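Have a look at the structure below, then the notes.
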Amino acid sequence: MKVIIVEDEPTTARGIAKLLTIICPETEVLDICFNGKDGAESILEKRPDLVFTDIRMPVMGGLEMIKRIHENNCYPHFVILTVYAEFDYAKTAMYLGVKDYLLKPISMDALKEIISSCQKQMQKTNRLLQENYLKEAVFLYTPEYPDRNPFLSYSCTFMILFSGAVCNSIYNENILRTQIQPIDYTTLRTIEERYRISVFTLSGHHFNECIYAVISPSSDNVDLKAVSHDLFTLHSENDTMVNLVISDTCQDGKELFSIRQNAYLYALFHIRFGCSNIIFCQPDTNKSIDSSVDIKQLCSNLSEFIKKQKISDCIRSMITSWKRSDTTQFQLITDLRYFMNALKQTQPSNNQYFISNADEIVCSCQTYEELEKEINREIEQFLGYQDDFIVRDQHTIAKQVKEWLDENFTTQITYKIFQDLFDLNEKYISTLFKAEYNITPSKYVGELRLNMAKKLMQTNPDIRMKDVAELVGFTDAFYFSRVFKAHEGITPSQYIKNNTSK
């Protein structure tokens with residue numbers, strides 16, 4: 001804790017400074033001032049955490065000094081030193097937000113109680129400031145705090161957890177899925193106490209992602225391997241593929257956005273499909289990936305496979321090659337995209353069937369077995385290997401799903417609802433819907449919600465973002481703002497401003 005003492009009695013001021021070093025050795029007394037004017041200048045320059053100040057002093061009194069400091073957007077924790085216990089002083093001090101008093105002569109026990117209370121309040125306040133700073137710095141921009149940066153003298157490391165594959169399509173596949181559940185509050189507090197750190201849980205850019213921001217004083221040497229192992233173990237209790245990517249560590253909050261971005265990029269290039277691992281980011285210069293030689297060779301004979309209707313053999317060969325090479329997810333997407341483009345070249349130009357993006361297919365699967373089935377289903381539809389009865393039935397199901405979404409898109413939707421309504425799994429429903437309407441169900445819901453949000457903001461420019469988010473089906477206003485900006489290129493508030501200025 002950084003402290004400034006403003007007291008016109010030198011003996012009292014030095015006495016407080018000495019007691020502070022005994023009670024709390026890590027406390028740093030930045031300055032001792034003997035009047036409110038000097039005190040205000042010193043406080044605004046040095047930005048202490050805690051200020052002890054007398055009420056009656058020459059030049060400028062303590063209460064006037066506090067008011068001036070607040071007018072300059074500086075809010076340290078103030079403790080009033082006084083022998084005057086009159087109600088008028090107390091009332092004015094309470095109006096200025098001062099809650100703590102020390103009556104002269106000062107006792108050791110009373111000072112201990114004040115210090116303990118101040119430390120707890122500082123921790124609570126700083127934690128809230130850090131959480132807000134993280135949300136803005138990580139997802140919106142790099143904040144500037146002219147009065148106070150809550151990460152000064154702190155280190156931050158992101159531990160980004162992906163349950164399943166890394167979904168490359170930001171914000172568009174998360175609406176219908178249940179987001180990954182972060183570690184519960186009690187367990188997280190246990191980890192914090194064990195390693196003497198703070199851990200913040202943030203929503204990621206992908207539906208199956210959770211970000212843990214590990215914060216500690218810069219002077220501490222935190223065992224990040226042990227922390228990551230605990231987090232990884234807590235999320236690895238089922239059969240789902242789990243990868244925990246550990247970012248670089250930044251100091252003073254200056255590189256929060258860039259280290260998070262670099263960790264995402266590293267994850268895309270190094271997470272291996274179908275595997276679970278803890279991955280620490282390392283310097284990486286080679287970010288160029290070409291299609292695999294084996295896949296190119298298979299695709300060179302693709303026309304023969306189609307003629308003989310043995311496309312499944314080709315897909316099986318690709319799966320075998322990927323398994324043998326322990327392929328990264330990014331390489332797999334690159335190879336699958338090459339295969340799909342090669343397949344399109346073999347088809348007549350009037351084939352209008354919509355093939356999913358390669359990353360959408362990969363990200364919907366947990367294992368190579370699932371991936372093989374998904375690719376086969378997609379390609380069979382593209383090549384027309386289905387009888388008319390099946391196709392007609394699929395059209396009916398897709399139409400029913402669309403009608404239900406049109407009526408219920410503002411409610412909280414998960415794929416489990418579709419399983420209950422239509423007795424079909426999520427992947428099959430998504431495939432049918434996409435084949436019929438050239439859009440996934442979740443993207444369709446996203447468009448419905450955003451279109452409704454824009455209408456609400458056009459007709460009600462004074463509406464709160466929290467109300468807009470809830471009315472269109474989002475549970476969090478901050479998350480709604482991120483989704484809106486990702487799709488529209490501007491924030492909701494900017495959208496309202498643009499429309500009201502016309």
Side-chain angles (χ1 to χ4, degrees), residues 1-58 60-130 147-148 150 152-154 193 196 198 217 219:
M1 244 184 345
K2 297 178 180 180
V3 178
I4 286 179
I5 301 168
V6 187
E7 166 62 64
D8 63 336
E9 298 178 7
T11 304
T12 302
R14 288 194 293 268
I16 294 172
K18 185 174 181 180
L19 286 176
L20 285 173
T21 59
I22 296 172
I23 295 171
C24 190
E26 62 269 26
T27 297
E28 180 184 0
V29 178
L30 301 177
D31 201 359
I32 295 177
C33 303
F34 300 112
N35 63 70
K37 182 176 181 297
D38 292 344
E41 292 175 357
S42 181
I43 291 166
L44 291 174
E45 177 188 354
K46 298 176 181 176
R47 303 283 169 164
D49 303 304
L50 174 62
V51 175
F52 291 91
T53 180
D54 197 356
I55 289 182
R56 288 189 172 181
M57 293 180 291
M60 180 186 290
L63 298 182
E64 185 181 351
M65 179 192 75
I66 293 172
K67 185 178 180 182
R68 178 173 295 186
I69 290 167
H70 285 176
E71 288 172 350
N72 284 273
N73 297 316
C74 182
Y75 300 93
H77 191 109
F78 284 101
V79 177
I80 295 295
L81 304 168
T82 183
V83 294
Y84 306 98
E86 290 95 338
F87 177 72
D88 287 343
Y89 288 120
K91 185 170 66 174
T92 304
M94 288 175 66
Y95 177 77
L96 294 171
V98 179
K99 299 178 182 179
D100 290 319
Y101 297 84
L102 276 176
L103 293 177
K104 303 174 187 178
I106 296 166
S107 70
M108 176 76 81
D109 290 341
L111 188 57
K112 280 183 180 178
E113 188 176 337
I114 289 291
I115 293 297
S116 177
S117 172
C118 182
Q119 286 177 326
K120 290 178 181 178
Q121 184 61 41
M122 278 178 53
Q123 290 170 356
K124 184 178 179 180
T125 302
N126 204 54
R127 187 179 180 93
L128 181 61
L129 288 171
Q130 286 181 340
D147 55 333
R148 185 180 181 188
L152 288 176
S153 303
Y154 284 89
E193 292 173 5
R196 300 188 67 180
S198 295
S219 56

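Quick caveat, the model's predicted, so the values are computed rather than measured.
With sequence neighbours left out, the side-chain contact (heavy atoms from CB on, under 4.5 Å) criterion links E26 to C24, Q119. Contacts of E41 classified as salt bridge (Lys or Arg N to Asp or Glu O under 4.0 Å), with partners at least two apart in sequence or in another chain: K37. With sequence neighbours left out, the side-chain contact (heavy atoms from CB on, under 4.5 Å) criterion links E45 to no other residue.
The shortest side-chain heavy-atom distance between I80 and L63 falls under the 4.5 Å cut-off. For the pair I23/M108, a side-chain contact is recorded, criterion being any heavy-atom separation below 4.5 Å from C-beta on. Side chains of I4 and K46 form a contact here, defined as non-hydrogen atoms less than 4.5 Å apart. Contact of the C118 side chain with the V79 side chain is not registered, since no non-hydrogen atoms from C-beta on lie closer than 4.5 Å. Contact annotation: the side chain of L50 approaches that of I115 to within less than 4.5 Å [non-hydrogen atoms, C-beta and beyond]. For the pair L30/S42, no side-chain contact is recorded, criterion being any heavy-atom separation below 4.5 Å from C-beta on. Between N35 and M60, every side-chain heavy-atom pair lies at or beyond the 4.5 Å cut-off. Taking 4.5 Å as the limit, every side-chain heavy atom of F52 sits out of range of all side-chain heavy atoms of I106.
For V6 against G39, the heavy-atom pair with the smallest separation is CG2-CA, 3.9 Å. Here the closest heavy-atom approach between residue D38 and residue C33 is recorded as O-SG, 3.8 Å. Contact detail for F78 and H70: the closest heavy-atom pair is CE1-NE2, 3.8 Å. Heavy atoms only, all atoms of each residue included: P217 and Y154 are closest at N-CD2, 3.9 Å. Residues A40 and R68 approach most closely at CB-CD, 4.3 Å, considering heavy atoms.
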Does the pair L81 and I16 meet the rule for a side-chain contact (heavy atoms from CB on, under 4.5 Å), with working shown?
CA-CA 10 Å; L81 304 168; I16 294 172; 3.4 Å; yes
| Given the rule in the side-chain contact (heavy atoms from CB on, under 4.5 Å) test, do L128 and K124 qualify, once you have shown the distances and angles that lead to the verdict? | CA-CA 6 Å; L128 181 61; K124 184 178 179 180; over 6 Å; no
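Between T125 and Q121, the side chains place a donor N or O and an acceptor N or O closer than 3.5 Å (distance only, hydrogens not considered).
A distance of 8.0 Å separates OG in S198 from CD in Q123, rounded to the nearest 0.5 Å. Of the inter-residue distances, the one linking D54 atom CG with I5 atom CD1 reads 12.0 Å to the nearest 0.5 angstrom. Interatomic distance, I69 CD1 to I43 CD1, rounded to the nearest 0.5 Å: 3.5 Å. Expressed to the nearest 0.5 Å, how far CD1 of I32 lies from OG1 of T12 amounts to 11.0 Å.
Under a cut-off of 6.0 angstrom, the local environment of NZ in K18 is sparse, with at most 12 non-hydrogen atoms contributed by other residues, nucleotides or ligands. Enclosure of atom CD in E113 is not indicated, since only 12 or fewer non-hydrogen atoms of other residues, nucleotides or ligands lie within 6.0 angstrom.
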